[in-house]
Amino acid sequence: MLKRRQRALLLVVLRKLLTCAICAIALVALFSVHGHVFPSSKLPGASEPLKFPSQHEIKYQRVGAEQSWKQELVPPHFSKPPVSPHKLDDQKWSLDTSKLWKPPPNRDFFPCIDPSPNHTAPAESQGYLLVHTNGGLNQMRAGICDMVAVARIINATLVIPELDKRSFWQDSSNFSDVFDEDHFINTLANDVKIIKKLPEELATATKGTRQFKSWSGLEYYLNEIAGMWEDYEVIRAAKSDSRLANNHLPPDIQKLRCRACYQALHFAPHIEAMGKLLVERMRSHGPYIALHLRYEKDMLAFSGCTHGLSPAEADELRIIRENTEYWKVKEINSTEQRHKGYCPLTPKEVGILLTALGYPSNTPIYIAAGEIYGGDSHMADLQSRFPMLMSKEKLASVEELEPFLSHASQMAALDYIVSVESDVFIPSYSGNMARAVEGHRRFLGHRKTISPDRKAFVRLVDKIEQGILREGRKFSNRIIELHRRRQGSPRKRKGPIKGTKGTDRLRSEEAFYENPLPDCLCQSQRTSVSTDASRQIIQHIGQSSADKTALRKQ
């Protein structure tokens with residue numbers, strides 16, 4: 001009887017000990033989870049200060065071997081999409097938002113635009129080159145840089161180019177109103193002789209006016225254009241856009257184009273100062289996205305894109321297109337344009353894209369654009385998702401902006417500065433501004449630039465509108481996978497589309513200023529050596545495997 005009581009008592013004690021052990025294990029597990037989710041005993045939602053590399057922190061090494069890349073590297077933070085649904089503020093996201101701002105790996109590429117040892121001072125001038133630029137700000141910028149190279153090729157003295165005053169924007173700005181004229185002349189003094197005005201004695205001289213052939217190479221300018229010096233002292237280029245080939249030019253000419261674009265062609269001091277001020281004010285809100293929202297009247301009218309617009313708005317754009325003489329295409333099927341990816345994303349579509357990529361609703365976004373067509377009525381969807389939408393007009397006072405307001409090129413220059421300096425740049429359309437900013441950001445160290453796959457994206461958006469697909473984790477994963485190789489990583493400039501011929505072939509090439517690799521970007525010798533070593537190891541392994549296979553067969 002006594003033994004039974006002792007056994008019962010021992011059993012009770014063991015049960016209590018087991019219960020205590022289980023409770024202890026549970027408490028340890030609970031505290032460990034708590035410590036993992038909220039490290040350092042910080043409250044949930046408390047943000048860590050983020051540090052981003054500035055332009056001056058990028059360390060460049062001298063020229064090693066150049067390397068081409070067929071496709072972008074996959075940034076590590078996009079290899080696994082966030083497990084997040086559509087509603088950012090209503091869900092607990094496991095994604096570290098700092099990774100959303102992390103630039104892609106740049107593979108140690110750095111600018112290499114110094115002239116080669118064979119480069120000489122400008123040869124004796126054969127005459128004067130007058131240039132009439134055409135288009136908006138960035139179209140003119142590319143044309144000016146190309147004409148610097150053309151002047152070098154044909155041994156011309158370049159007269160400061162005349163800016164386009166007759167385009168859609170009707171801007172009366174002169175070169176010195178938009179660019180730092182003296183800096184431009186002095187920086188290129190060892191490459192091309194540049195003067196501010198044509199000498200008075202030649203003001204009435206007969207000028208050989210030509211519209212240079214699009215995407216022309218060295219032979220065209222040496223043979224056809226330089227041959228005009230026999231008859232004229234002054235050659236006038238009627239247009240400057242896309243007059244020089246993107247590829248297959250001498251290395252020193254390509255590097256000269258980059259020196260002109262990234263070293264010489266600075267904006268005027270008053271524009272630079274205001275642009276810097278806007279950047280500082282954006283940074284006061286934290287890391288920011290610069291969104292080039294090309295949802296403006298001129299673009300929609302030119303492209304014929306009317307998705308989401310009212311019949312009255314679509315008709316207004318059609319009339320503008322029909323009445324603009326130099327826009328050759330008049331009849332456009334908007335639906336076909338959109339499905340081919342030829343239309344700028346609407347503000348609503350941009351909101352869906354940013355949400356799916358994982359950007360929280362409190363993300364500061366700078367709208368780099370002119371007047372958005374339809375105003376608040378078309379911005380409402382984007383504004384509801386991302387309330388912190390900024391612009392020049394919101395960041396600066398009326399008095400601060402007053403000198404720029406009536407000059408479209410100067411206003412566009414402010415957007416350009418804020419876009420180049422942004423933590424992430426996203427264009428809604430691949431126009432001149434988007435290409436110029438992307439190229440500049442690649443030149444400065446491959447800063448993060450997300451290029452939307454418009455063709456694939458709008459088809460997914462259509463499925464949402466049709467009720468076939470819902471915003472959420474699955475949709476987000478598809479969008480992230482769609483864009484993980486569209487982050488601005490190093491890759492070689494794309495050549496022409498296969499099957500195209502003639503002018504269409506040249507037109508299909510990636511623009512020179514959209515991606516200056518390999519002409520103006522080199523890879524450090526250290527990375528090149530390690531890459532070569534990796535190739536040798538792979539080849540050695542492959543050869544060893546082949547030898548073993550051969551032995552087995554014997």
Side-chain angles (χ1 to χ4, degrees), residues 66-73 109 134-135 138-139 141-143 145-147 149-150 153 211-225 237 239-258 260-261 294 302-303 328-329 332 336-344 427 429-443 446 449 451-456 482-483 485-523:
E66 296 185 0
Q67 177 143 357
S68 301
W69 299 95
K70 294 296 183 181
Q71 57 184 345
E72 295 183 3
L73 295 167
F109 277 95
N134 60 294
N138 293 287
Q139 193 171 339
R141 287 180 76 252
C145 297
D146 280 355
M147 289 300 113
V150 169
I153 293 170
Q211 183 169 310
F212 297 163
K213 186 179 177 182
S214 299
W215 298 292
S216 295
L218 200 66
E219 294 76 12
Y220 169 81
Y221 284 103
L222 288 175
N223 298 331
E224 295 195 33
I225 303 303
K239 285 187 176 184
S240 66
D241 66 321
S242 304
R243 304 297 126 178
L244 195 59
N246 292 307
N247 305 302
H248 309 301
L249 290 170
D252 268 334
I253 292 297
Q254 298 289 60
K255 292 182 186 297
L256 174 57
R257 295 167 84 178
C258 286
C261 188
R294 197 67 169 95
F302 173 78
S303 63
K328 297 180 180 180
V329 182
I332 300 176
E336 289 182 2
Q337 284 282 96
R338 182 169 174 272
H339 285 167
K340 290 178 180 178
Y342 297 159
C343 289
Y429 184 75
S430 56
N432 291 309
M433 166 80 165
R435 289 194 288 267
V437 172
E438 178 178 352
H440 204 152
R441 289 170 68 84
R442 287 180 177 276
F443 183 79
H446 291 89
T449 300
S451 302
D453 186 337
R454 296 188 304 276
K455 183 177 180 179
L482 198 62
H483 293 91
R485 292 185 182 271
R486 304 174 71 92
Q487 304 289 310
S489 292
R491 60 168 175 77
K492 185 179 179 181
R493 187 167 58 252
K494 296 176 183 177
I497 296 175
K498 291 182 179 180
T500 54
K501 296 181 181 180
T503 303
D504 289 338
R505 180 175 176 81
L506 298 172
R507 188 189 300 275
S508 69
E509 293 179 337
E510 186 173 21
F512 178 82
Y513 299 105
E514 184 176 0
N515 183 6
L517 195 157
D519 308 275
C520 303
L521 292 171
C522 302
Q523 197 175 30

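Everything numeric in this text was worked out from a predicted model, so none of it was measured. The figures that follow rest on heavy atoms only: side chains count, while hydrogens, waters and symmetry mates do not.
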Could you report the tightest heavy-atom contact between [X] and [Y], atom names first, then the distance?
X: S303; Y: P344; answer: OG-CD, 4.2 Å
X: C261; Y: C145; answer: CA-SG, 3.4 Å
X: Y429; Y: R294; answer: CB-CB, 3.9 Å
X: L256; Y: A149; answer: CD2-CA, 4.0 Å
X: R442; Y: E514; answer: CD-O, 3.6 Å
X: A237; Y: M147; answer: CB-SD, 4.3 Å

Check the pair C520, C258 against disulfide bond (SG atoms under 2.5 Å apart), reporting the backbone distance first and the verdict last. CA-CA 7 Å; C520 303; C258 286; 2.0 Å; yes
Does any part of the side chain of [Y], heavy atoms only, come nearer than 4.5 Å to the side chain of [X], both counted from C-beta?
X: C343; Y: R454; result: no
X: I332; Y: Q337; result: yes
X: S451; Y: S430; result: no
X: P427; Y: P452; result: yes

Would you check if the side chain of N134 reaches a backbone N or O of S240 as a donor-acceptor pair within less than 3.5 Å? yes
Rounded to the nearest 0.5 Å, what separation is found between the [atom1] atom of [X] and the [atom2] atom of [Y]?
X: Q139; Y: M433; atom1: CD; atom2: CE; result: 14.0 Å
X: S214; Y: K239; atom1: OG; atom2: NZ; result: 8.0 Å
X: H483; Y: D453; atom1: NE2; atom2: CG; result: 5.5 Å
X: N223; Y: S216; atom1: CG; atom2: OG; result: 11.5 Å
X: I497; Y: D504; atom1: CD1; atom2: CG; result: 9.5 Å
X: L517; Y: R491; atom1: CG; atom2: CZ; result: 9.0 Å

Can you tell whether the side chains of R257 and D146 come within less than 4.0 Å, N to carboxylate O? yes
Would W215 and T503 count as a side-chain contact (heavy atoms from CB on, under 4.5 Å) if you check the C-alpha gap in whole Å, the side-chain angles of each, and the deciding distance to 0.1 Å? CA-CA 8 Å; W215 298 292; T503 303; 3.7 Å; yes
Is there a donor-acceptor contact under 3.5 Å linking the side chains of N246 and R493? no
Take L249 and F512 through the test side-chain contact (heavy atoms from CB on, under 4.5 Å) and record every step on the way to the result. CA-CA 11 Å; L249 290 170; F512 178 82; over 6 Å; no
Within the supplied structure, the quantity of interest is the number of heavy atoms (other residues, nucleotides, ligands) at a distance under 6.0 Å from Y220 OH; does it exceed 12? yes
